[in-house]
Number of protein chains: 2
Amino acid sequence: MDETPPEHLKSAGLKSTLPRLKILDLFKSGSERHMSAEEVYKQLLAVGENVGLATVYRVLTQFQQAGLLVRHNFEGGKSVFELNEGTHHDHIVCLQCGHVEEFYDSAIESRQKKVAAELGFEIHDHSLQIYANCTKTKCPNKR
Amino acid sequence: MDETPPEHLKSAGLKSTLPRLKILDLFKSGSERHMSAEEVYKQLLAVGENVGLATVYRVLTQFQQAGLLVRHNFEGGKSVFELNEGTHHDHIVCLQCGHVEEFYDSAIESRQKKVAAELGFEIHDHSLQIYANCTKTKCPNKR
DNA sequence: ATGCAAATGAGAACGATTACCATTCGCATG
DNA sequence: CATGCGAATGGTAATCGTTCTCATTTGCAT
Ligand SMILES: [Mn+2]
Ligand SMILES: [Mn+2]
Ligand SMILES: [Zn+2]
Ligand SMILES: [Zn+2]
């Protein structure tokens with residue numbers, strides 16, 4: 001359902017190839033919203049799709065540059081990507097289970113602008129992650 | 001001036017060795033406030049002190065665990081460390097020259113607590129960096 | 001001065017990512 | 001539909017930051 005039409009890629013200036021379509025589909029219809037290169041690679045293998053790891057890395061970076069994906073650097077050294085749906089948000093990461101929750105707080109956003117302005121900087125972007133522990137039942141406490 | 005007395009290390013549960021003293025001194029009296037392992041290593045070489053790179057990595061981690069240093073993960077893949085002076089702050093990094101400016105905004109801090117609480121998380125810590133361009137004269141525009 | 005556990009340092013190993021490069025693919029053309 | 005060519009792919013080697021291994025040295029209590 002909801003196959004990615006080649007136009008999405010073409011309009012991003014990327015020619016429509018099989019690996020690219022598969023990767024984009026994975027983000028559009030896959031179960032995980034935030035994925036590392038390795039995770040994308042394994043998910044594809046699991047479905048019998050064979051895409052080289054090098055290609056996964058290359059395509060993820062291209063998608064990011066084209067604005068289709070956003071890259072985040074959470075702790076742990078590996079980059080994770082997610083679909084760019086136009087609206088900025090930040091993340092809260094559970095230290096026990098690794099679960100990622102998204103949030104947007106306009107007060108935090110506007111304060112950042114003010115801080116930067118006061119220091120004589122022109123903001124390009126920012127990276128905010130809260131590291132925390134789930135207190136609710138949902139945390140399976142794995143990892 | 002201001003040689004680091006061995007007591008500082010001992011009270012942190014670390015035995016006072018030459019490499020540890022040299023590294024701590026570098027942070028206490030060196031010119032750079034935020035340094036990566038590689039930078040620490042080179043600074044020491046430059047002064048004729050030689051400390052193995054493995055030791056630098058080991059000691060930085062130990063200092064962090066002992067609470068003497070704080071580790072940050074700015075973009076670029078390498079960890080940077082700075083003296084822990086007890087007060088939390090966040091960073092704004094110039095994309096052109098790499099210059100790092102520190103700031104603390106209590107509104108941002110308290111909003112983070114509220115966001116986490118609302119989502120049912122117990123905050124452990126957070127990481128906030130603003131990436132921006134110097135508009136003032138100070139930015140030498142290198143890098 | 002002596003002994004021994006802890007620390008060091010040179011280099012190997014590691015995980016994530018990128019670079020290389022021969023082969024394959026997408027697609028425009030006749 | 002066959003052909004051609006430049007772009008894309010994917011296996012592998014290389015790179016980068018960091019950690020591990022282990023033989024040697026050091027700090028420090030005796
Ligand atoms: Mn997200
Ligand atoms: Mn700082
Ligand atoms: Zn934000
Ligand atoms: Zn903060």
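A note on names: the letters A, B, ... follow the listed sequences, proteins ahead of strands, and every chain is numbered from 1.
- The side chain of B/A54 lies closest to D/dC20 when the candidates are D/dC20, C/dA16, D/dT19.
- Side-chain contact, A/K113 with A/H126: no donor N or O sits under 3.5 Å from an acceptor N or O.
- Using a 4.0 Å cut-off, some side-chain N or O of B/S79 falls inside it from OP1 or OP2 of D/dT18.
- Put simply, the side chain of B/R71 never gets that close to the backbone of B/Q64: no donor and acceptor are under 3.5 Å apart.
- The only option from B/E82, B/E101, B/E39 that meets the salt bridge (charged side-chain N to carboxylate O under 4.0 Å, His left out) definition with B/R33 turns out to be B/E82.
- For B/Y57 and D/dT18, the shortest distance from a side-chain N or O to OP1 or OP2 is below 4.0 Å.
- Residue A/K78 has a polar side-chain atom (N or O) positioned under 4.0 Å from OP1 or OP2 of C/dA16.
- Closest to the side chain of A/L18, out of D/dT21, C/dG26, C/dT18, is C/dG26.
- Nucleic acid contact class of B/S36 (heavy atoms, under 4.0 Å, all strands): none.
- Between the two ends of the helix from C/dA1-D/dT30 to C/dG30-D/dC1, each summarised by a five-pair axis, the helix axis turns through 20° (rounded to 10 degrees).
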Practice task
Check the pair A/H88 / A/V70 against side-chain contact (heavy atoms from CB on, under 4.5 Å), numbers first and verdict last.
Solution key: CA-CA 10 Å; A/H88 163 78; A/V70 184; over 6 Å; no

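- Within the 4.0 angstrom heavy-atom criterion, only backbone atoms of the sugar-phosphate kind lie near A/T17; the bases stay farther away.
- Using a 4.0 Å heavy-atom criterion, one finds that A/R20 contacts the sugar-phosphate atoms exclusively.
- Taken to the nearest 0.5 Å, the CD atom of B/Q112 stands 6.5 Å off from the CG atom of B/L128.
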